[in-house]
Amino acid sequence: EIGILDGGSLEIWKKYFGKNSRIIGIDNNPECKKFENQDYEIFIGSQSDPKFWHKFYKQVGDVDIVLDDGGHTNDQQIVSLIESIKNIKDGGLHVVEDVHTSYQKHYGNPYKYSFMNFSKKTIDDINTTFPNTINFNYTLNKSIYSVEFFESIIAFKVDKRLCDQNLLIENKGYKSNNSDVTLGNNILNFRKKFVFLYKFRL
């Protein structure tokens, strides 16, 4: 868990996941180190610093779940996601809380590069696994196969086994003389007939 404040939530997670679970807390406040005990570990560092994450995952290895309840700024949430997603085991989750901050002035939003807009882009990432679609210079579709949006929460589902690029398979069996009429020339005819509509942005 990123952002532990008084440490109470770590105790809750330990009870929820059981005595054999490994619970780790991360905070930028050195004072939080005092909450470390036999039930959970505490790491001190900035979640917006990639160097911290490299050192962290080198020490603890891959994890099952990351819960980001930290600083809530765009850079903190984005950097934490990018640096953590490759270190989450298949079947795991990266959950970000309080994403309503992407709409609040206090956090420098609304902004083109808000965490919410970054998260919406993962929808495009996932859909580009279909052949002959756009290719992005940067994408998370090698790890994230599904995203769920809730009020103030976004959950990224991680499983590299489910992120394979789809392939088109040629049908070499029976071939009919039927033509595909799902669209035909209808869409072209529509555009020619109502060309003035395409001057407006909906």
Distance check, rounded to the nearest 0.5 Å: [X] atom [atom1] versus [Y] atom [atom2]?
{"X": "Ser84", "Y": "His94", "atom1": "OG", "atom2": "NE2", "result": "5.5 Å"}
{"X": "Glu36", "Y": "Ile4", "atom1": "CD", "atom2": "CD1", "result": "9.0 Å"}
{"X": "Lys55", "Y": "Gln59", "atom1": "NZ", "atom2": "CD", "result": "7.5 Å"}
{"X": "Lys157", "Y": "Leu93", "atom1": "NZ", "atom2": "CG", "result": "7.0 Å"}
{"X": "Ile154", "Y": "Phe118", "atom1": "CD1", "atom2": "CZ", "result": "10.5 Å"}
{"X": "Glu1", "Y": "Ile65", "atom1": "CD", "atom2": "CD1", "result": "11.5 Å"}

Exercise for the section: For the residue pair Glu97 and Ser152, confirm or rule out a side-chain donor-acceptor distance under 3.5 Å. Expected result: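 Looking only at side-chain atoms, Ser152 and Glu97 do not form any donor-acceptor pair under 3.5 Å.
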Handout entry: Gln77 and Ser80: side chain donor to acceptor below 3.5 Å
Key =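 Per modelled atom types, Gln77 and Ser80 side chains form no pair under 3.5 Å.
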Practice task
Determine, using the 4.5 Å side-chain heavy-atom cutoff (strictly less than), whether Tyr107 and Tyr103 are members of one ILVMFWY cluster.
Solution key: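 In one cluster with Tyr107: Tyr103, no.
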Exercise for the section: Establish whether Tyr40 and Ile2 are linked, either directly or via other cluster members, by ILVMFWY side-chain heavy-atom contacts under 4.5 Å. Expected result: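 Different hydrophobic clusters.
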Within a reach of under 6.0 Å around [atom1] of [X], are more than 12 heavy atoms found that belong to other residues, nucleotides or ligands?
{"X": "Lys86", "atom1": "NZ", "answer": "yes"}
{"X": "Tyr16", "atom1": "OH", "answer": "no"}
{"X": "Phe136", "atom1": "CZ", "answer": "yes"}

Handout entry: Salt-bridge criterion met for Asp62 and Lys89 (N-O under 4.0 Å)
Key =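 Judged by the 4.0 Å cut-off on N to carboxylate O distance, Asp62 and Lys89 do not form a salt bridge.
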Problem - Member of Lys33, Arg22, Lys14 meeting the salt bridge (charged side-chain N to carboxylate O under 4.0 Å, His left out) criterion with Glu41 - result: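 The salt bridge (charged side-chain N to carboxylate O under 4.0 Å, His left out) with Glu41 is passed solely by Arg22 among Lys33, Arg22, Lys14.
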Handout entry: Lys120 to Phe115, cation-pi by 6.0 Å centre distance and 45° axis angle
Key =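 So Lys120 doesn't make the cation-pi contact.
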Practice task
Considering only Ile, Leu, Val, Met, Phe, Trp and Tyr, and joining two whenever side-chain heavy atoms are under 4.5 Å apart, list the other residues clustered with Leu162.
Solution key: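 Tyr145, which link up through side-chain heavy atoms under 4.5 Å apart, make up the rest of the cluster.
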Practice task
Examine distances only and state if a side-chain atom of Asn141 and a backbone atom of Asp125 form a donor-acceptor pair shorter than 3.5 Å.
Solution key: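 Yes, Asn141 side chain to Asp125 backbone: donor-acceptor pair under 3.5 Å.
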Problem - N/O donor-acceptor pair under 3.5 Å between Gln47 side chain and Gly71 backbone - result: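 A pair under 3.5 Å: yes.
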